[in-house]
Amino acid sequence: METSVGLLQIVVLALVQGITEFLPVSSSAHLILPAALTDWPDQGLAFDVAVHLGTVVAVASYFRRDLAGFAQSSLALAIHRRWDDNLDLLAKVGVATIPIVVVGFLFKTHIESHLRSTTIIAAATIAFGIVLWLADRHRGEGTIPSFLQATLIGLAQAVALVPGTSRSGITIAAALALGLTRHAAARFSFLLSIPAIVGATIYTAMDTPGDTPLPWMDLGLGFVLAGASAFACIAMFIRFIERVGMTPFVVYRVALGVALLALA
């Protein structure tokens, strides 16, 4: 049976997931804190699926024009055999998604069994925060990655299977290091998040017992809170980094990593 969870736990976990999914600060690192500082029961796989679905809806809603362009261009390709910039970007998102699918299929069980300690997550939070800071110092003027750059960004995304890395953090860092602007790096990272989160959600849902009674009100609240906070976070993050850059997130990551090491 699904464990009964309280309203405060639902709100906190949903907001943590929604806010940290797209910020370069590692959602895994943040989800350790409630477990370490409270006696809350495990929220269950169904809740994890609900909040991840909320974040998928959020990013799809924010980039709805891009997704509509992908759909229209795909239809034009099928009817008129016409290739355009939308399909070029969509193909690059597809290419960049392949590495995490392959690495996840081959090594996800090993990673979950051996790399989920607080010490490893804390070390990854600090180390890849520094990587993000270095990448932000060497950004360029590119707006769309090449196929080679997309492949390299995809390889970086596969590294994010190690908890504490931050999927958005490592993909944005890779894009910046390869010469993209902050806005372009964030945009490609967020578009790349859609198949990544959908895949992870399907994987989690497959592990959820089919005969388990589900607390639909709890799941619905988690879905809404995670989605709303994620949408707001994406909008504010893109505007913020264009003016300020990644340094505040790097400082925060290092402080968080140190705090996690103290809890280890």
Side-chain angles (χ1 to χ4, degrees), residues 13 15-35 48 51-52 55-56 58-59 96-97 99-100 103-104 107-108 111-112 115-137 139 152-178 180 182-201 204 226 229-230 233-234 236-238 240-241 244-261:
L13 294 182
L15 291 178
V16 167
Q17 181 63 43
I19 293 171
T20 62
E21 181 66 48
F22 299 107
L23 292 182
V25 295
S26 174
S27 58
S28 299
H30 285 80
L31 290 172
I32 287 179
L33 294 176
D48 291 342
V51 294
H52 277 89
T55 60
V56 169
V59 69
T97 300
I100 198 170
V103 175
F107 300 107
K108 196 170 193 303
I111 291 171
E112 290 178 346
L115 298 180
R116 295 197 67 85
S117 72
T118 301
T119 300
I120 290 176
I121 293 175
T125 299
I126 295 171
F128 288 104
I130 295 172
V131 169
L132 179 63
W133 178 73
L134 293 173
D136 193 41
R137 291 167 58 87
R139 66 189 184 280
L152 294 174
I153 294 170
L155 290 171
Q157 180 175 238
V159 177
L161 289 170
V162 177
T165 301
S166 170
R167 193 212 59 81
S168 63
I170 193 65
T171 52
I172 290 173
L176 290 171
L178 291 168
L180 271 66
R182 288 169 176 160
H183 183 276
R187 178 181 178 234
F188 190 74
S189 172
F190 292 154
L191 288 173
L192 195 55
S193 74
I194 297 175
I197 299 174
V198 169
T201 302
T204 302
S229 58
C233 185
I234 293 170
M236 290 186 292
F237 175 71
I238 291 177
F240 180 83
I241 60 171
V244 180
M246 301 294 175
T247 300
F249 300 102
V250 174
V251 173
Y252 178 79
R253 285 184 67 129
V254 172
L256 177 62
V258 171
L260 291 175
L261 287 174

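Remember, it's a predicted structure, so these values are computed and weren't measured experimentally.
- In terms of heavy atoms, L15 sits closest to S229 at CD2-CB, 3.9 Å.
- Judged by distance alone, the side chain of S168 and the main-chain N or O of L23 form a donor-acceptor pair under 3.5 Å.
- Residues R167 and S193 meet the side-chain proximity criterion, which asks for heavy atoms closer than 4.5 Å.
- A 4.5 Å side-chain heavy-atom check between F128 and V162 finds every atom pair outside the cut-off.
- Panel note: side chain T201, backbone I197; a donor-acceptor pair is recorded below 3.5 Å.
- For the pair I111/P163, a side-chain contact is recorded, criterion being any heavy-atom separation below 4.5 Å from C-beta on.
- Between H30 and Y252, the ring planes are parallel. Angles under 30° get that label, and only those over 60° would be called perpendicular.
- The shortest distance between side-chain heavy atoms of T55 and V59 does not fall below 4.5 Å.
- Using a 4.5 Å heavy-atom threshold, the side chains of V25 and L256 count as separate.
- Using a 4.5 Å heavy-atom cutoff, the side chains of F188 and I153 are in contact.
- Side-chain contact between F240 and P248 is present, with heavy atoms from C-beta onward closer than 4.5 Å.
- Not one N or O on the side chain of T165 forms a donor-acceptor pair closer than 3.5 Å with the backbone of A160.
- In this structure, the side chains of L13 and V51 stay at 4.5 Å or more apart for every pair of heavy atoms.
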